[in-house]
Amino acid sequence: WRGLLIRPAASQRELVAEGDALHHCVGTYAKDHANGKTTIFFIRRAKAPRKSFYTLELNEGKLVVRQNRGRRNCAARKRWRNLKPYGWHG
């Protein structure tokens, strides 16, 4: 989608590494992600799938993006702000 890959975080360790790479607090969401209280997705450029780009928190019940943050907690650029990880519309 628009040259990006979007996938769910696979583990608590991966969330901590994402927070370290982007210098933001997603690592503190690891327990809530593991317990299903929130869902975290990693957004990557298709050309660099292993390099952190943005991190998206989703309210799955309401299908609403809670936040989408990049390096040093910057807001996502407008073109990537409201990504829909499951391809729903609304």
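Atoms considered below: every heavy atom in the structure, side chains included; atoms not considered: hydrogens, waters and symmetry mates.
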*Could you give the distance from CD1 (Ile6) to CZ (Phe53), rounded to the nearest 0.5 Å?*
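One gets 11.0 Å once the value is rounded to the nearest 0.5 Å.
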*Using links of under 4.5 Å between side-chain heavy atoms of ILVMFWY residues, direct or through other members, which residues join Leu22 in one cluster?*
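Noted: Leu22 shares its cluster with no other residue.
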*Share the residues that join Tyr29 in a hydrophobic cluster, the rule being Ile, Leu, Val, Met, Phe, Trp or Tyr side chains under 4.5 Å apart at the heavy-atom level.*
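ILVMFWY cluster around Tyr29 also holds Leu15, Val26, Ile40, Phe42.
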*Taking only residues two or more places apart in sequence or in another chain, which ones pass side chain to side chain donor-acceptor pair (under 3.5 Å) with Thr28?*
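None.
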*Please list all pairs passing the salt bridge (Lys or Arg N to Asp or Glu O under 4.0 Å) test where one or both residues lie in residues 61-75, with sequence neighbours left out.*
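Output for this query lists Glu57-Arg66.
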_Any non-hydrogen side-chain atom of Leu56 less than 4.5 Å from a side-chain atom of Val65?_
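Of all side-chain heavy-atom pairs linking Val65 with Leu56, at least one is under 4.5 Å.
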*Is there any side-chain hydrogen bond (donor to acceptor under 3.5 Å, both in side chains) pair reaching into residues 3-18, and which pairs are they, with sequence neighbours excluded?*
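Of all non-adjacent pairs touching residues 3-18, those that pass side-chain hydrogen bond (donor to acceptor under 3.5 Å, both in side chains) are Arg7-Glu14, Glu18-Arg44, Glu18-Ser52, Glu18-Thr55.
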*Is a side-chain N or O of His23 found less than 3.5 angstrom from the main chain of Asn73, in a donor-acceptor match?*
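Between the backbone of Asn73 and the side chain of His23 there is no qualifying donor-acceptor contact (under 3.5 Å).
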*For Asp32, side-chain contact (heavy atoms from CB on, under 4.5 Å) partners two or more places apart*: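 By the side-chain contact (heavy atoms from CB on, under 4.5 Å) rule, Asp32 matches Lys37, Thr38.
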